[in-house]
Amino acid sequence: MSESNLPRLRLALPKGRLTERTLDFLRGVGLPIEAEITRSRRLLHDISAATVEPLGCRLEVLLIKNTDVPVYVEHGVADIGVVGTDALYEADVEVYRPWTFPYGSCDIALAAPAGVDAGTLRRRPWLRVATKYKRYARDHFAGRGVSAEIIPLSGSVELAPTLGLADAILDLVETGQTLRENGLEVVEVVGRTEVKLIANRALSTPAAEAVERLILRLSGAAEGR
Amino acid sequence: MRRRVAAAALEIFAGWSYREIDVPLLDYFDQLREVMEPSEANRTFRLMDRDGNLLVLRSDVTPAIARSYAHQLQGVPLPLRVCYANKVVRLQRAFTREQSESYQLGVELIGATGMIPEVEVLLICLEVLQALRVPSYQVNLGHVGIYRRLLALAAVPRAHGRGLQEAIARRDAAEVRGIGLRLGLREEAVEAFAALAALAGGERQLDAVAAIYPHDEILQAACKHLRGVAATLAALGHGERVHLELGLVDGPTYYTGLSFRIVARQSGRALGGGGRYDDLIGMFGPLTAAVGFALQLDVLMGLLYPAASSELSELEAPSGAAVRVEPQRLVEGFAAAVERRRRGEVARIVARSGGAPVRSEERS
């Protein structure tokens, strides 16, 4: 089959903490992706040179904000993407999620100023929680019958309790360093986020098979770790 | 445009001998809730009537037709072929409260069992998609019976079926295996469910599932049935568009056998779907087999829009159609327009105030 007949896929990668790690992981499974991709300011890169041989498909990579990855994939602008289940839950999209990356997993936790425990929080008649994950927060508290006011923020959530904007925060916790430096402690781990490979629901058969070949390689590498 | 698309679909339905019917917009919630998934029920609009009964605005036409068949259409000769272009109201995403009024275009073939009526409705569906020139659509064909049989064979407790179904619907094989392990399912059962969650469906997936329980007659019959429908459609020239997809387990709960969903790359939401529902009418009246499908007109319009806007110019009145009407000579002016219409020609009224034409009219 000539190269122009190969299926053409577009992969959406989140800019930020996962970019380098994901690219390194892909390099590790035999896709020689050039370093150029993260150095330049261009947001769309053709990396077919690295994928034609091992995956039998041409591949374009686009770098976008992590919360946009599910939206791009749902609308078919990208065929596949890499995103955390936290952003996936917030986006509330209909996509397939055929594979889980072996890294980037972290806790979703409720944190409050040091000395405040779960009981104290629960006894508050009206709990104010600042978070970037408002859908998750709403469903979590609704599921437990706790009436909580969700204060939606888009960053620096740790400031909210210090400044009196909220009683607690609901956020991703990796090392806990940021929390400690802002006088906060984890009160309760309420969930866990994982990094998923997601896919549009209407991939053609050749495209879906190329994605399966990618998954096979990824799984092989993950088991060998 | 919307009406033209609906009209084109209804014409095709009529071409296959389907009669258009109308179903009520309001229904009692209590009766429909039994056939609805909680997540589906959450997306409906409910309101109270003056006696305090909870009513629901029609969110899906099929149960309404099943009900009207059970109550009003008893005694008509079967099979009964009906079609509709009806408005439905539902929240698209429960969280964002994105609300949508849309039309469902569909057909229901009531009182016929087996493969023949299923191929018939699939052909109608494909003809509509083809006639509307929908770009890059794909019909994913599955069979709920296969999944349900696997649940029974593995003795999965009902309460845990949901998580498993969601994981399969998301094609998350790792999650499927995780759930299987937690439930302590046998290895073959876990593998069967994981096979349903494979990203690329096709014959290969069907072979893989069938090979796990080679001696289970119910499962083998369902696999054979699905294979037969797909082969028939392929022989009729639809092989490119029709894909086997056993992971299709998240459709309406009332489906009992073959089910399908129409997707397109550019659209996050499905264009439509259909399937066999042999138990639904039985919930309201005598047990009657049925199969049907519905297309979501708003999703179709979203896909067709670029093409549709270029066709819009065809709809504009030809330049000779302008009929000038002056306030002083109303009768003569309109008489000219009526005369054009009588000859079957297009007329467009241009109002003139005194001598000069009105600005806004001229611009349009």
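When reading the values below, keep in mind they use all heavy atoms of this one structure, side chains included, and skip hydrogens, waters and symmetry mates. Per chain, numbering begins at 1; letters A, B, ... match sequence-line order. Here the structure is a predicted model, which is why all the values come from computation and not from measurement.
For the pair B/Arg276 and B/Glu118, the salt-bridge criterion is met [side-chain N within less than 4.0 Å of a carboxylate O]. At a threshold of 4.0 Å, the pair A/Arg144-A/Glu188 counts as salt-bridged, since one of the basic side-chain nitrogens sits closer than that to a carboxylate oxygen. Looking at A/Glu174 and A/Arg17, a side-chain N of the basic residue comes within less than 4.0 Å of a carboxylate O on the acidic one, giving a salt bridge.
In terms of heavy-atom pairs under 4.5 Å with chain A, the best-connected choice from B/Asn140, B/Val176, B/Asp172 is B/Asp172. With respect to chain B, the highest number of heavy-atom pairs below 4.5 Å among A/Asp79, A/Val95, A/Ile198, A/Thr100 belongs to A/Asp79.
Judged by distance alone, with hydrogens and angles left aside, the side-chain atoms of B/Asp298 form no donor-acceptor pair with the main-chain N or O of B/Ser102 at under 3.5 Å.
Heavy-atom distances place the side chain of B/Glu245, and not its backbone, under 4.5 Å from chain A. Heavy atoms closer than 4.5 Å to chain A are found in the backbone of B/Ala169, but not in its side chain. If you measure heavy-atom distances from B/Ala174 to chain A, the contacts under 4.5 Å come from the side chain alone.
B/Arg2 forms no cation-pi arrangement with B/Tyr103, by the criterion of a distance under 6.0 Å to the ring centre and an angle within 45° of the ring axis.
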